[in-house]
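Written out below as structure tokens is the structure these notes cover.
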There are 2 protein chains.
Amino acid sequence: MDLKLAHEEFERGITHTGFHYTMSLIKRKYKLGIIYCLMMNGPTRYNELKRRLEAATFRSLTNSLKELEADGLISRKEYSQISPKVEYDLTEKGKSMTPFLELLCDWGCEHMPKEK
Amino acid sequence: MDLKLAHEEFERGITHTGFHYTMSLIKRKYKLGIIYCLMMNGPTRYNELKRRLEAATFRSLTNSLKELEADGLISRKEYSQISPKVEYDLTEKGKSMTPFLELLCDWGCEHMPKEK
DNA sequence: CAGCATCCCAGAAGATACTG
DNA sequence: CAGTATCTTCTGGGATGCTG
């Protein structure tokens with residue numbers, strides 16, 4: 001699979017607004033989850049991410065990570081050592097998304113149904 | 001189709017964080033677009049919404065509107081007159097989401113690729 | 001005008017097995 | 001450990017036609 005830019009469709013599209021651009025970057029199910037996780041925990045290894053995002057499978061996770069990296073939101077750092085170690089972290093661009101992600105979380109906490 | 005709460009899966013789920021709650025509400029493709037549109041233009045009629053969200057079909061639009069209403073983010077007001085008129089608008093809950101939506105747009109404008 | 005019903009399809013995700 | 005490959009499943013959306 002070649003490195004696909006998640007926003008390439010956006011590029012070809014007609015509506016070049018900031019809104020659509022942001023949406024194109026976070027469309028996949030677990031992308032925001034990944035960013036959220038990195039925001040809370042700092043650099044994180046592949047398997048650790050997998051563990052935190054229980055629901056995601058390796059495949060979904062890998063796809064999301066690749067696109068996020070291609071879009072410059074996260075960085076991938078590989079340590080060459082016997083048992084492979086790869087850490088993912090937010091880039092500056094990724095970090096710049098955290099205020100809005102925090103707002104998203106706060107909003108959810110305030111408005112989620114109380115008891116059930 | 002019965003009125004489905006978009007976040008009902010969330011309710012049954014295990015991860016009851018604000019983050020997941022918000023995500024469950026805005027998952028569908030055009031939901032944020034609708035809120036965005038209502039935020040910019042105030043009360044809007046069904047066909048007007050359809051026109052502004054060019055890409056969406058009636059079906060997608062209707063589904064999104066129903067869930068948004070069920071989740072209390074928008075209101076539906078029906079005027080009984082010969083040629084039917086229905087206006088959608090943001091509820092207080094919906095309005096409270098606008099800051100975060102604005103942030104999303106601003107972020108996109110700042111970070112979207114310059115020329116192409 | 002504001003929908004609903006039906007059929008179809010694509011893309012994303014789940015499950016599972018394998019590898020440098 | 002950090003993936004890749006393959007197959008299947010399923011949700012959401014596109015297209016079209018009908019209706020109170």
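All heavy atoms count here, side chains included; hydrogens, waters and symmetry mates do not. Just so it is clear, the model here is predicted, and its values are computed rather than measured. Every chain is numbered from 1 and lettered A, B, ... according to where its sequence line falls, protein lines coming before strand lines.
Cation-pi check for B:K77 over B:Y88 is not met; the charged atom does not lie both under 6.0 angstrom from the ring centroid and within 45 degrees of its normal.
At a non-hydrogen distance threshold of 4.0 Å, A:P84 from residues 76-89 of chain A come into contact with DNA chain C.
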Apply the test salt bridge (Lys or Arg N to Asp or Glu O under 4.0 Å) to residues A:R51 and A:E48: give CA-CA distance (whole Å), side-chain angles for both, the deciding distance (0.1 Å), then the verdict.
CA-CA 5 Å; A:R51 221 167 304 126; A:E48 180 65 16; 2.6 Å; yes
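Nearest nucleotide to the side chain of B:Y46, out of D:dT6, D:dT4, C:dA2: C:dA2. Taking only side-chain atoms of A:R28, from C-beta outward, the nucleotide of C:dC4, D:dC1, C:dA13 with the closest atom is C:dA13. Of the candidates C:dA2, C:dG14, D:dG12, C:dA2 carries the atom nearest the B:R45 side chain, counting heavy atoms from C-beta on. Comparing D:dT4, C:dC1, C:dA15 against the side chain of A:T57 picks out C:dA15 as the nearest.
Residue A:K66 has a polar side-chain atom (N or O) positioned under 4.0 Å from OP1 or OP2 of D:dT4. For the pair A:S60 and C:dA12, the criterion of a side-chain N or O lying under 4.0 Å from OP1 or OP2 is not met.
Between A:F58 and B:S64, the residue anchored closer to the 5' end of DNA chain D is A:F58, taking for each the nucleotide with the nearest heavy atom.
Separating the CD1 atom of B:I26 from the C1' atom of D:dG12 is a distance of 16 Å, rounded to the nearest angstrom. If you take CZ of A:R59 and P of D:dT9, they are 14 Å apart, rounded to a whole angstrom.
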